[in-house]
Enquirer: 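Right, I'll just put the structure down here and ask away after.
Sequential numbering from 1 along the given sequence is applied to the chain's residues. Not measured: the values here are computed from a predicted model.
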Amino acid sequence: EGGSKIKKTIFFFFLVMGPHSALGPPTTLKLINPTQYRFEHLATQMKWRLQEGRGEAVYQIGVEDNGMLVGLSEEDMRTSLETLHRMAEKVGADITVLRECEVDYDSDDPRKIAEVLIRKVPDDQQFLDLRVAVLGNVDSGKSTLLGVLTQGELDNGRGRARLNLFRHLHEIQTGRTSSISFEILGFNSKGEVVNYSESRTAEQICESASKMITFIDLAGHHKYLKTTIFGLTTYCPDFAMLVVSANTGIVGTTREHLGLAMALKVPIFIVVTKVDLCTRATVERTVRQLERVLKQPGCNKVPLVVGGPDDAVAAAQQFAQTPNITPIFTLSNVSGESLEHLKVFFNILPPLSNSKEQEELMQQLTEFQVDEIYTVPEVGTVVGGTLYSGICREGEQLVVGPTDSGQFHKLTVESIQRNRSGCRVLRAGQAATLALGGFDRALLRKGMVMVSPEMDPTICWQFEAEIVLLFHAKTFHKGFQVTVHVGNVRQTATVVAVHGKEELRTGEKAVVRFKFIKHPEYLKVGAKLLFREGVTKGIGHVTKLQDLLINLYGTRLFTN
C-alpha cells in the first residue's frame with residue numbers, strides 16, 4: 001500500500017499540462033479566506049488561464065510553486081475547493097474534482113493534494129470542439145465503439161450499437177463502413193456526458209455542451225483506403241484513435257493506418273476492444289504486441305497502458321503535451337468494462353493549439369476548404385468543410401474555385417451551421433456547413449476553396465515537393481502516375497521530373513515535380529503531401545508552385 005501511495009505521488013508530480021495553459025497547471029498551496037483584493041486577483045488569473053486553454057484549465061491544490069507536494073488537511077482542502085468554486089462562479093465556469101491523492105508529509109494528520117478541472121460555460125455556440133479520426137482494421141469494432149460512446153447503450157455482441165451510424169444499405173448488410181460519417185459526444189461544464197437522454201438531437205447536444213468531441217468514422221477495409229486517406233488529410237483531425245480487436249491483434253490495415261497517422265503527424269492513441277471475448281492472457285498478448293510495434297525505431301512511441309481513472313487523467317494530460325506518449329485502453333463494448341476510463345480521457349483531453357495560435361489564424365484572410373457538397377430542399381446549395389483561417393460570417397462575400405479552367409466565382413454565404421445548429425460566426429479551425437442559396441452546384445467540386453477576394457488566389461498545374469518514398473515494388477521514375485492527397489485536394493498527377501536522380505527506390509528522398517492531369521488546384525507551400533498508387537506510397541511537403549498562375553478572373557499571369 002505504501003509503494004502504491006509513493007507511485008501515485010510521483011505520478012502526480014510528473015504531470016505537466018500543455019495547451020491548457022502556456023505556463024503549465026497552476027499550483028496552489030491553499031485558498032483559505034483570501035482577502036477581497038487577493039480573491040479578485042485570483043479570479044482574474046483564472047479568467048486568463050481559461051482564455052489560454054480555450055475554455056479549460058486544470059488547478060492543482062496542495063502543491064507549492066516549486067512543485068513540492070505538501071498537501072492539505074481535510075478541512076483546508078474543503079475550504080480551498082469552496083474558494084475555487086466561488087472564483088469559477090465569478091468567471092462563469094464550473095469545477096470538477098478530477099482526483100485526490102494522499103501524500104506523505106511530516107505530519108500526523110493525513111494530507112491530500114487535488115487536481116481540479118475548470119471549464120467555462122459556453123456562449124454563442126463557441127464550445128471547445130476536438131476532432132478525432134477513428135482508424136483500425138475492418139471488423140475491429142470502430143463503429144460499434146462510437147455507437148456505444150455516443151448513444152449510451154451497450155452493444156448486444158452482434159453490432160446493434162453501430163446501426164445508427166451507417167449511411168448506406170450495403171453498410172448495414174455487410175456491417176462494414178465504406179463512407180465517412182460523423183458522430184458527436186458532448187460534455188457539459190461539469191464534465192458530464194450530455195448525449196444520454198431520450199430523443200437527444202444534435203442541436204440539443206450542442207446547446208448544452210461546453211466541450212464537443214467530433215468523431216470521424218473512417219473505413220477499415222483496404223479497398224476503401226482512398227476514402228480513409230481523404231478523411232485524414234481533409235478533415236484536419238486533432239487526434240487519431242486506432243481501434244484494435246483484442247482477439248485478432250495487429251492485422252490487415254492496422255499497421256497501414258498507424259503509419260498514415262504518423263506520416264501526417266496526427267497524435268494517436270489506441271483502444272483495444274472485444275476484451276469480453278478473450279482471456280486475460282490474450283488481451284495482454286495483444287497489448288504487448290502493440291507495445292513492441294510502438295517502440296520500434298520507425299515509431300519511437302512510449303506506450304502508456306491505462307488501468308484506471310487516475311491513469312486516464314494523467315494520460316490525457318501527458319498525451320497532449322508529449323507527442324511520443326501513446327495511451328492504450330482496453331475495454332468491452334458489450335460488458336462496458338473500462339469504458340468509463342475512455343470517457344474520462346475524452347473529458348480531460350485538451351486542445352493542441354492555445355488561444356494565441358487561434359487568434360493568429362483568425363486574423364488572416366478567410367479560407368474555407370470545401371469537402372462536401374449537397375442540395376437541400378428550400379435551402380439550395382450547401383457546402384461542408386473546415387475554415388482553415390480567418391472568420392466567416394453570415395452574408396460574407398467570398399470567391400470559390402478553381403474551376404477546370406482555373407477561374408474563381410463570386411458567392412454569398414447565406415447561413416452557417418455547426419453540428420446542425422445555427423451559428424452566426426465561424427472561426428478558424430472550426431468545421432461547419434455553409435448555405436450558398438441559388439449558387440450553381442455544377443460549378444462546385446470537392447477540393448475547392450472559398451476565400452476572401454482580397455487574397456487574389458493563385459493556382460497551379462505543376463508543383464514541386466520534397467518526398468520520401470515509403471514503399472515501391474520496383475523503381476519510382478519520371479512518367480509514373482500517382483494519386484496525390486494535399487489537404488482536401490485529391491487528384492491523379494504525373495511525375496514530370498525527379499531532381500538529381502534518374503529513379504527512386506524504397507526509403508530514398510528526392511525533390512519531385514508533379515503535374516495534375518485533370519484540372520488545376522489551389523495549393524500552398526509547406527502543405528503536407530501524401531501520394532499512393534497500388535502498393536506505392538510516399539509522403540512529403542510542397543516546396544514550390546510552378547507553371548500556370550492564374551488570377552481571380554481566370555487570366556493567365558505568367559508561366560515559369
Side-chain angles (χ1 to χ4, degrees), residues 18-22 50-57 119-120 122-133 180 182-187 202 206 209-216 230-241 261 264-267 319-321 323 346 349-372 383-394 396 398 413 416-434 447-452 455 486-489 522 524 526-528:
H20 273 308
S21 167
L50 287 169
Q51 288 174 345
E52 281 293 296
R54 291 173 58 188
E56 287 187 353
R119 179 173 290 158
K120 196 164 187 330
D123 42 64
D124 192 28
Q125 287 291 304
Q126 297 308 319
F127 45 77
L128 179 59
D129 191 5
L130 302 182
R131 288 188 290 276
V132 178
I180 300 172
F182 298 85
E183 296 299 318
I184 56 175
L185 180 66
F187 294 92
C206 293
S210 299
K211 180 176 189 174
M212 192 79 74
I213 308 294
T214 301
F215 295 105
I216 308 166
F230 181 77
L232 271 175
T233 56
T234 299
Y235 295 107
C236 308
D238 299 292
F239 305 100
M241 176 169 70
L264 295 168
K265 293 183 169 53
V266 181
F319 178 55
Q321 174 67 15
F346 284 130
L349 194 60
L352 291 174
S353 61
N354 58 33
S355 60
K356 184 178 179 182
E357 292 168 341
Q358 182 79 354
E359 285 291 331
E360 288 175 355
L361 274 176
M362 287 194 295
Q363 287 170 7
Q364 297 175 18
L365 291 172
T366 303
E367 181 182 326
F368 182 88
Q369 297 180 344
V370 177
D371 306 329
E372 300 285 346
V383 295
T386 305
L387 187 64
Y388 182 80
S389 63
I391 292 176
C392 184
R393 296 180 174 85
E394 287 184 358
E396 189 105 10
L398 300 174
V413 177
I416 304 172
Q417 282 200 344
R418 285 186 67 202
N419 291 307
R420 302 172 198 169
S421 295
C423 175
R424 293 190 179 281
V425 181
L426 189 65
R427 292 172 170 79
Q430 296 177 343
T433 53
L434 311 183
M448 283 185 166
V449 289
M450 292 163 47
V451 297
S452 298
M455 190 180 284
V486 186
N488 65 336
V489 170
Y522 172 84
K524 298 175 81 170
K528 294 175 191 171

Enquirer: Is there a side-chain contact between Lys211 and Leu349 (heavy atoms, below 4.5 Å)?
Expert: yes
Enquirer: Of all residues at least two apart in sequence or in a different chain, which pass the salt bridge (Lys or Arg N to Asp or Glu O under 4.0 Å) check with Glu394?
Expert: Arg424
Enquirer: Quick one: side-chain contact (heavy atoms from CB on, under 4.5 Å) partners of Gln363, sequence neighbours excluded?
Expert: Glu359
Enquirer: Given side chains that start at C-beta, do those of Leu434 and Leu426 come closer than 4.5 Å, heavy atoms only?
Expert: yes
Enquirer: Tell me if a side-chain donor or acceptor on Asn488 pairs with a main-chain N or O of Thr234 at a distance below 3.5 Å.
Expert: no
Enquirer: Report the residues that fulfil side chain to side chain donor-acceptor pair (under 3.5 Å) with Thr214, sequence neighbours left out, ordered by chain and then residue number.
Expert: Asp129
Enquirer: Do Lys528 side-chain atoms and Leu264 backbone N/O form a donor-acceptor pair below 3.5 Å?
Expert: yes
Enquirer: Rounded to the nearest 0.5 Å, how far apart are CG of Leu130 and CZ of Phe187?
Expert: 10.0 Å
Enquirer: side-chain contact (heavy atoms from CB on, under 4.5 Å) with Glu357: which residues, sequence neighbours excluded?
Expert: Ser353, Asn354
Enquirer: What pair of heavy atoms forms the shortest contact from Arg119 to Ser210, and how long is it?
Expert: CD-CB, 3.6 Å
Enquirer: Where is the tightest heavy-atom contact between Ile416 and Ala432, given as atom of each residue plus distance?
Expert: CG2-CB, 4.1 Å
Enquirer: Could you check if a side-chain atom of Asp238 sits within less than 4.5 angstrom of a side-chain atom of Pro351, using non-hydrogen atoms only?
Expert: no
Enquirer: Under the rule for side-chain contact (heavy atoms from CB on, under 4.5 Å), what residues qualify as partners of Tyr388, not counting sequence neighbours?
Expert: Glu367, Gln369, Lys524
Enquirer: Can you check whether Thr386 reaches Arg131 side chain to side chain, under 4.5 Å on heavy atoms?
Expert: yes
Enquirer: For Ser452, give me all partners under side-chain contact (heavy atoms from CB on, under 4.5 Å), at least two apart in sequence or on another chain.
Expert: Leu365, Thr366, Leu398, Glu454
Enquirer: Over 60° means perpendicular and under 30° means parallel, so classify the ring planes of Phe239 and Phe319, tilted if in between.
Expert: tilted
Enquirer: Measuring from atom CE of Met362 to atom SG of Cys392, what distance do you get when rounded to the nearest 0.5 angstrom?
Expert: 13.5 Å
Enquirer: Going by ring-ring contact (aromatic ring centres under 6.0 Å, His included), name the residues that satisfy it together with Phe346, two or more places apart in sequence or in a different chain.
Expert: Phe215, Phe269
Enquirer: Taking all atoms of both residues into account, what is the closest heavy-atom pair of Ala261 and Ala240, and its distance?
Expert: CB-CB, 4.3 Å
Enquirer: Looking at side-chain heavy atoms only, is the closest gap between Pro237 and Leu232 below 4.5 Å?
Expert: yes
Enquirer: Tell me the closest heavy-atom pair linking Glu360 and Gln364, and the distance in Å.
Expert: O-CG, 3.5 Å
Enquirer: What's the verdict on side-chain contact (heavy atoms from CB on, under 4.5 Å) for Val489 and Tyr522, showing C-alpha distance, side-chain angles and the deciding distance?
Expert: CA-CA 8 Å; Val489 170; Tyr522 172 84; over 6 Å; no
Enquirer: Donor-acceptor pair, distance only, cut-off 3.5 Å: does the side chain of Gln430 make one with the backbone of Arg427?
Expert: yes
